[in-house]
Amino acid sequence: MFSLTDTNRFLLYPHPTDMRKRFYTLSGLVTNQMSLDVQDGDAFIFINKTCTSMKVLHVECGGLVI
């Protein structure tokens, strides 16, 4: 279940993102480009070039959730 609260930090990835990317590729962007750990409980927001689509990556008890 996707559960976000006001205690989560919401971090925007600063570059346009290909919305075909999945869990592991997006988590790679967090690790390699943002120098953050996806396991910290933050919510990472990715937006496409035309700002018409968005994905939020978050870790839950069972693993990564988009």
Side-chain angles (χ1 to χ4, degrees):
M1 173 177 236
F2 199 84
S3 169
L4 297 173
T5 65
D6 59 353
T7 60
N8 294 103
R9 286 192 319 168
F10 294 86
L11 303 166
L12 178 65
Y13 182 68
H15 306 289
T17 307
D18 182 353
M19 290 294 112
R20 295 175 292 180
K21 293 186 185 303
R22 305 285 287 162
F23 301 101
Y24 299 114
T25 310
L26 292 174
S27 65
L29 290 175
V30 170
T31 303
N32 299 325
Q33 301 294 318
M34 298 176 78
S35 300
L36 296 169
D37 186 3
V38 74
Q39 300 290 328
D40 286 344
D42 300 324
F44 299 94
I45 303 167
F46 300 90
I47 300 175
N48 68 343
K49 187 175 183 175
T50 59
C51 295
T52 57
S53 200
M54 175 177 75
K55 284 188 178 182
V56 179
L57 179 69
H58 178 63
V59 67
E60 294 283 333
C61 297
L64 293 171
V65 179
I66 293 180

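- In this view, Asp18 and Arg20 satisfy the salt bridge (charged side-chain N to carboxylate O under 4.0 Å, His left out) rule, not counting sequence neighbours.
- Residues Ala43 and Leu4 approach most closely at CB-CD2, 4.0 Å, considering heavy atoms.
- The stretch residues 2-15 participates, sequence neighbours left out, in these salt bridge (charged side-chain N to carboxylate O under 4.0 Å, His left out) pairs: Arg9-Asp42.
- With sequence neighbours excluded, the residues forming a side-chain contact (heavy atoms from CB on, under 4.5 Å) with Met54 are Ile45, Ile47, Val56, listed by chain and number.
- Among residues at least two apart or in separate chains, there is no ring pair (Phe, Tyr, Trp, His ring centres under 6.0 Å) pair with a member in residues 18-45.
- Interatomic distance, OG1 of Thr17 versus CG of Leu12, reported as 8.5 Å (0.5 Å rounding).
- Between His58 and Ser3, the shortest heavy-atom distance links the atoms NE2-O, 3.5 Å.
- Between Leu29 and Tyr13, the shortest heavy-atom contact is CD2-OH, 3.7 Å.
- Cluster membership check: Val65 does not share its hydrophobic cluster with Leu26, using side-chain heavy-atom separations under 4.5 Å among Ile, Leu, Val, Met, Phe, Trp and Tyr.
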With a 3.5 Å cut-off and sequence neighbours excluded, list the donor-acceptor pairs that the side chains of residues 30-38 form with protein atoms.
residue, atom, partner, partner atom, Å
Thr31, OG1, Ser27, O, 3.0
Asn32, ND2, Gly28, O, 3.3
Asp37, OD1, Gln39, N, 3.1

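- Residues satisfying the side-chain contact (heavy atoms from CB on, under 4.5 Å) criterion with Thr52, sequence neighbours excluded, are Asn48, Thr50.
- Atom CD1 of Ile66 is separated from atom NZ of Lys21 by 11.5 Å, given to the nearest 0.5 angstrom.
- Of all heavy-atom pairs between Lys55 and Met19, the closest is NZ-O, 2.7 Å.
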